[in-house]
Amino acid sequence: KYFHASGDGAATFCVPLNGAHTGGSHYPRSELREHHNFKLGGSHSLKAKMKILSVSRHHSKKETIVGQIHGEGGKFSSLVKLRYNENKKILEVRVKDKGGKEI
């Protein structure tokens, strides 16, 4: 219903406006998760190829998080966020340092 894989290896996610969310957010979500937080230092890589078909017109900012990497600080400490902005038609990268300050 909210996720399906196609024969060519692609994955499709659907997030209903009234869908589930976590305690740290009011926004619904559909996600794949890694069970381990990234350690700072060293070299890491994450590759993805995506196509955003639509963003809710009911959200005034018309943006959505399409990728997020959590760090050593715990489950609500995001080091990197990939935010798609429908109005600007761009993918923004938000990076935070170990103290949580956006850089």
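Expressed to the nearest 0.5 Å, how far NZ of K51 lies from OG1 of T12 amounts to 10.0 Å. Rounding to the nearest 0.5 Å gives a distance of 12.5 Å between CD of Q68 and CZ of R94. Between atom CD of residue E92 and atom NZ of residue K81 there is a gap of 11.5 Å, rounded to the nearest 0.5 Å.
Under the 4.5 Å side-chain heavy-atom criterion for ILVMFWY residues, a single connected hydrophobic cluster contains both L91 and V80. Side-chain heavy atoms closer than 4.5 Å link hydrophobic residues (I, L, V, M, F, W, Y) into clusters, and following such links, even through other members, never connects L17 to Y2. In the hydrophobic cluster analysis, where Ile, Leu, Val, Met, Phe, Trp and Tyr join through side-chain heavy atoms closer than 4.5 angstrom, I65 is grouped apart from L53. Side-chain heavy atoms closer than 4.5 Å link hydrophobic residues (I, L, V, M, F, W, Y) into clusters, and following such links, possibly through other members, connects V95 to V66. By the criterion of side-chain heavy atoms lying less than 4.5 angstrom apart, applied directly or through intervening Ile, Leu, Val, Met, Phe, Trp or Tyr residues, Y84 is not grouped with V15; the two fall into different hydrophobic clusters.
Here F3 pairs with F13 under the ring-ring contact (aromatic ring centres under 6.0 Å, His included) rule; sequence neighbours left out. Applying the salt bridge (Lys or Arg N to Asp or Glu O under 4.0 Å) test to K89 and every residue at least two apart in sequence or in another chain returns E86. Among residues two or more places apart in sequence or in another chain, the salt bridge (Lys or Arg N to Asp or Glu O under 4.0 Å) test is passed with K49 by none.
Taking all atoms of both residues into account, the shortest heavy-atom contact from P16 to C14 is CD-O, 3.8 Å.
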